[in-house]
Amino acid sequence: NRFFNTVTEEVSEELDAVFLFLKKSRRYVTYDEEKGSSLVCFSLDLKNGNWQEEPFDARICETCPLQKWGNGRNGTPPKCKIVWNFVGINLKSNDPFVISAKSTSLKPMKQFVNQYFVGKMKGKHLPLFCYFMKLRLTQPTGTYSVLQPEIGPAFGREEIETWHKLAQELWNSQRVDLMQLPPEEAEVQNATESQAEDLPF
């Protein structure tokens, strides 16, 4: 269970980091033993899908059957899944990164954000960049890695202002690729993009 840097191809067991912002997206990926993972469709705004196979097409997420639950008492999960993409900075290398939480990582990341950032300060939301983070991967069951964040000390005012400025610059740059496919052995990937209503503050 190690993080893989898709740019430098370096691996590490943990990351000292700060999260700058969160961007939610959708992606429908299929898997074939011979071909591996294939990105079939994605949406960066949760509204408009971008179909990647012929015939190439634009889809409306709200009416697309791939994002709806199946019939039955328990139902089958949608094939097109929500992904939480956290854009951050590796504090040891000062490099920006994107870590995407999906499937088994999504629930613990939602709990983490709700516990430390949502509803704080009398109803106001704290920015993700208020706290130092230590990130690890665990493998409780099966073959999937699960993102395990650990909250650290709060940054000082000057540091928070620096992270805020950097978050705005990355937000506006539009240069990070959220649709990059991860290595097959990991469920958490490096990848970016953004939208104001998704910021946790």
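By the neighbour-count criterion of 12 heavy atoms within 6.0 Å, atom OH of Y131 is sparsely surrounded, having that number or fewer from other residues, nucleotides or ligands. Within 6.0 Å of CD on E62 lie no more than 12 heavy atoms contributed by other residues, nucleotides or ligands. A 6.0 Å sphere centred on NZ of K79 holds no more than 12 heavy atoms belonging to other residues, nucleotides or ligands.
Minimum interatomic distance between N48 and C61 (heavy atoms only, all atoms of both residues): N-SG, 3.8 Å. Smallest separation of non-hydrogen atoms from V146 and S105: CA-OG, 3.3 Å. Closest approach of T104 to P108, counting heavy atoms only: O-CD, 3.2 Å.
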Evaluate side-chain contact (heavy atoms from CB on, under 4.5 Å) for V87 paired with K23, printing each intermediate quantity in order.
CA-CA 8 Å; V87 181; K23 168 62 185 173; 5.5 Å; no

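The CD1 atom of I82 sits 3.5 Å away from the CZ atom of R26 when rounded to the nearest 0.5 Å. One distance of note links CZ of R27 with NZ of K81; it measures 11.5 Å at 0.5 Å rounding. Distance check: L137 CG to I99 CD1 gives 7.5 Å after rounding to the nearest 0.5 Å. Rounded to the nearest 0.5 angstrom, W163 CH2 and I89 CD1 are separated by 6.0 Å. A distance of 14.5 Å separates CZ of F3 from CD of E10, quoted to the nearest 0.5 Å. Note that the CG atom of L166 and the CH2 atom of W171 stand 13.5 Å from one another [nearest 0.5 Å].
For K165 and E161, the salt-bridge test fails: no basic side-chain N is under 4.0 Å from an acidic carboxylate O.
Side chains of V18 and M133 form no contact here, defined as non-hydrogen atoms less than 4.5 Å apart. C130 places none of its side-chain heavy atoms less than 4.5 Å from the side chain of F155. The closest side-chain heavy-atom distance from L170 to F21 is below 4.5 Å. Between F86 and V113 there is a side-chain heavy-atom pair separated by less than 4.5 Å. With a 4.5 Å cut-off on side-chain heavy atoms, V83 and F42 do not count as touching. F112 is not listed as a side-chain neighbour of L147, based on a closest heavy-atom distance of 4.5 Å or more. Side-chain atoms of F19 and F97, non-hydrogen and from C-beta on, do get closer than 4.5 Å to each other. Contact annotation: the side chain of V40 never approaches that of L66 to less than 4.5 Å [non-hydrogen atoms, C-beta and beyond].
Using a 3.5 Å distance cut-off with no hydrogens or angles, the side chains of S25 and N85 do pair a donor with an acceptor.
Every residue meeting the side chain to side chain donor-acceptor pair (under 3.5 Å) condition with E150, not counting sequence neighbours, appears here in chain and number order: R136.
At least one donor-acceptor pair closer than 3.5 Å links the side chain of Q52 to the backbone N or O of N50.
Each of K110, M109, Q111 was checked for a side-chain contact (heavy atoms from CB on, under 4.5 Å) with K107, and the lone residue meeting it is Q111.
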